[in-house]
2 protein chains.
Amino acid sequence: MTADEAVAPPPTGLRERKKQRTRSALVRSALDLFTGQGYDHTTVDEIAESVDVSQRTFFRYFANKEQVAFATQDSAESHFFAALCARPAHEAPLAALRGAVLDAWSTMGDSVEQLVPAELHMRMYRVIESTPALLAVHLRRTAELEERIASEIARREGLDVSVDPRPRLLTAMFGGVIQIAGKLWGAGDDESTDALRDITAFHLDHVGPALAENWRTEQ
Amino acid sequence: MTADEAVAPPPTGLRERKKQRTRSALVRSALDLFTGQGYDHTTVDEIAESVDVSQRTFFRYFANKEQVAFATQDSAESHFFAALCARPAHEAPLAALRGAVLDAWSTMGDSVEQLVPAELHMRMYRVIESTPALLAVHLRRTAELEERIASEIARREGLDVSVDPRPRLLTAMFGGVIQIAGKLWGAGDDESTDALRDITAFHLDHVGPALAENWRTEQ
DNA sequence: TTGTCAATTGTCAGACGCTGACATTAGCCT
DNA sequence: AGGCTAATGTCAGCGTCTGACAATTGACAA
C-alpha cells in the first residue's frame, strides 16, 4: 500500500529469492558434477552437500535425481515452443517447425544463460545422450513435447489430432530428424551451436527425398 | 558317446534346462504381477518369492527390474527384424518396412507364445505404455532398434548410413508411425491384434500426405 | 560309485534413491 | 515483540541393486 510497492513491485520477498538461489545453486552444482564425473558416479548427497543443504531438501526441490539434470532442458524446450507459437500463420507446418528450431538454436543463450552458462548446458546435453538412464527419460520427455507440438500444428491448420493423423505424423518425423541431428552432433567433433544448426537444417532438407520410393535410380 | 546322444543330442544338460525353467518362471510371474497389480506396486522380492528363489538370484537372471518386463518384447523385436531381413530385395524401403510389421503383428504368437501366453504379452505392452518408467526405457530400446533397422535398409539399398541421411530419416518416420499407432491402440477399446494391424496400416498410408505442404486446400 | 571341479544359489552387509513423520528454524505480518 | 506459516533438518525405513563369501548341486572322470 506504500511507495515500497513501486520500488520493488512485482518481485518477491527474501524467502522467495532465497529459494530461487538455492534451486539455482543446486542446478549449477549438479550439472558441474554430472559433466565432470558422470551422472551415475554422482550421488544426491554429493550435490546437496556441495550447496550445503540436506539431502531431504534436495528432494523437495526436485522430485528425483533425473529432474535436476533436465532443468535447463526445460527452459530450452519452452523457448522452442514459444518460437513455434510465434511463427506467422501463413507458414506451412513443416516450414514453421523448421523456422522455430533454427531460431531457437540460435537464441539459446537467452533462455538458458540466466540459469547456467550456455556452454555447461551444451555439455550436459552430451551427457544426457551418452547416459542410458538419462537418454531414456529424454526420449520420454521428447515424446510428451511432440504431443504438444502436434496439437499446436493442428490448431494452426484448424484440424483435430484425433481424426486427422497428419499433425502427429509430421511431428513424429520432425522429432526423428531432431533426434538424429542431435545424435550426430553429440558424436561429432564440432561442439559449436552452429554445427548443430547446420546438421539440423541439412537433415530437414532431405525429408522429402527420404520418402521417395526409387532411391537407387537417383544414385 | 552312447545312443542317448541321438535321443537328446543338440539340447543341454539338466543344469541348462533348470536355468531355462527358472528364467521362464520368473518372466511369467513378473508379467502376471505387473499386469495384475501394476509395475510400481510389485517388488522384486515378490517376484522372486513367487518362484521360490532368492532376490539375489533374480538379479543374476535380469540386470534390473525393468529388464524382466521387456523379456517378451525382446522376442517380438527379433521376430520383426527377422521378417524385415526376409523381405524380397526388390521391394522399396517403405514397402519392406510396411510388409515386415504387418507380417510380424500377425504371426506374433509364434515368437512369444513359447514364453508366455500371447494375451499376457499384449497386456504387458499396455502396462509399458502407461508406466512412465517403462515407457522411457521402451523408447530407448526403440531408438536402438531403429538404428539396426536403418543399417539394414542401408544395406538393402547399398548405401552408407554415415553419408546418406535417408535410411535414418525413413526409419525415424517409420518408428514414429509405429509409436503413434501403438499409443492409439493402447488408448482405444479394441484390444485385438487385428485392431493394432489396422491402425498401423492406416497411418502408414498417410505418410505421404502428411508431408504435403498445402493441408488446408485439401480439406 | 565316488571324488573333484565348476557353476548356481543363498546369505549377509551395505550403498544409493526416495519418502513420511516430526521437530526446528527462519521469514512474514500485525 | 510475538504469533503464524513456510522452509529446513533429522530420523527411520522401504526398495533397488551389488560385492563377497559360503553352501549346494550338477558335470565329468577315475
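Only this structure's heavy atoms are used, side chains among them; waters, hydrogens and symmetry mates stay out. Sequence lines set the chain letters: A, B, ... in the order given, protein chains first and strands last, and positions in each chain run from 1.
A:E157 is not listed as a side-chain neighbour of A:D164, based on a closest heavy-atom distance of 4.5 Å or more. By the 4.5 Å heavy-atom criterion applied to side chains, B:W185 and B:E129 are not counted as neighbours.
Residue whose closest nucleotide on DNA chain D sits further toward the 5' end, between B:K65 and A:F58: A:F58. Nearest-nucleotide positions on DNA chain D place A:D52 closer to the 5' end than the other of A:D52 and B:Y39.
In this structure, A:L134 places its CG atom 12 Å from P of C:dG17, rounding to the nearest Å. The CD-P distance, from A:Q55 to C:dC16, rounds to 11 Å in whole Å. Per the geometry, CD belonging to A:E16 stands 7 Å off P belonging to D:dA7, to the nearest Å. Taking atom NE2 of A:H41 as the reference point, atom C1' of C:dC16 lies 13 Å away to the nearest angstrom. One interatomic measurement links the two molecules: CD of B:E66 to C1' of D:dT16, which rounds to 10 Å at whole-angstrom precision. Here C:dT25 presents its P atom at 15 Å from CZ of A:R15, a figure rounded to the nearest Å. With rounding to whole Å, B:D40 atom CG is found 18 Å from C:dG17 atom P. One can place CZ of B:R21 at 15 Å from C1' of C:dT9, the figure rounded to the nearest angstrom.
Residue A:F59 has its side chain nearest to C:dT19 when only C:dT19, C:dA26, D:dT16 are considered. When each of C:dG10, D:dT16, D:dG9 is scored by its nearest atom to the side-chain atoms of B:T43, the top-ranked nucleotide is D:dT16. Relative to the side chain of B:K18, the nucleotides C:dC18, D:dG26, D:dC17 differ in distance, and D:dG26 lies closest. Listed nucleotides C:dG10, C:dG17, C:dA7 differ in distance to B:V53; the shortest reach to its side chain belongs to C:dG10. Closest to the side chain of B:R56, out of D:dA7, D:dT10, C:dT11, is C:dT11.
Side-chain rings of B:F202 and B:H206 approach one another, their centers coming within less than 6.0 Å.
A donor-acceptor contact closer than 3.5 angstrom is absent between the side chains of B:S192 and B:D194.
A:F62 comes within 4.0 angstrom of no nucleic acid atom, judged by non-hydrogen atoms across all strands. Residue contacts for A:S54: at a heavy-atom cut-off of 4.0 Å it reaches a base atom on one of the strands shown. Within 4.0 Å of A:Y61, counting heavy atoms only, lie sugar-phosphate atoms of the nucleic acid but no base atom.
Rounding to the nearest 0.5 Å places CG of B:L102 at 9.0 Å from CG of B:D198.
Below the 3.5 angstrom threshold, one finds no donor paired with an acceptor across the side chain of B:R17 and the base of D:dG26. For a distance-only test at 3.5 Å, the side chain of B:R60 fails to qualify as a donor-acceptor partner of the base of D:dT18.
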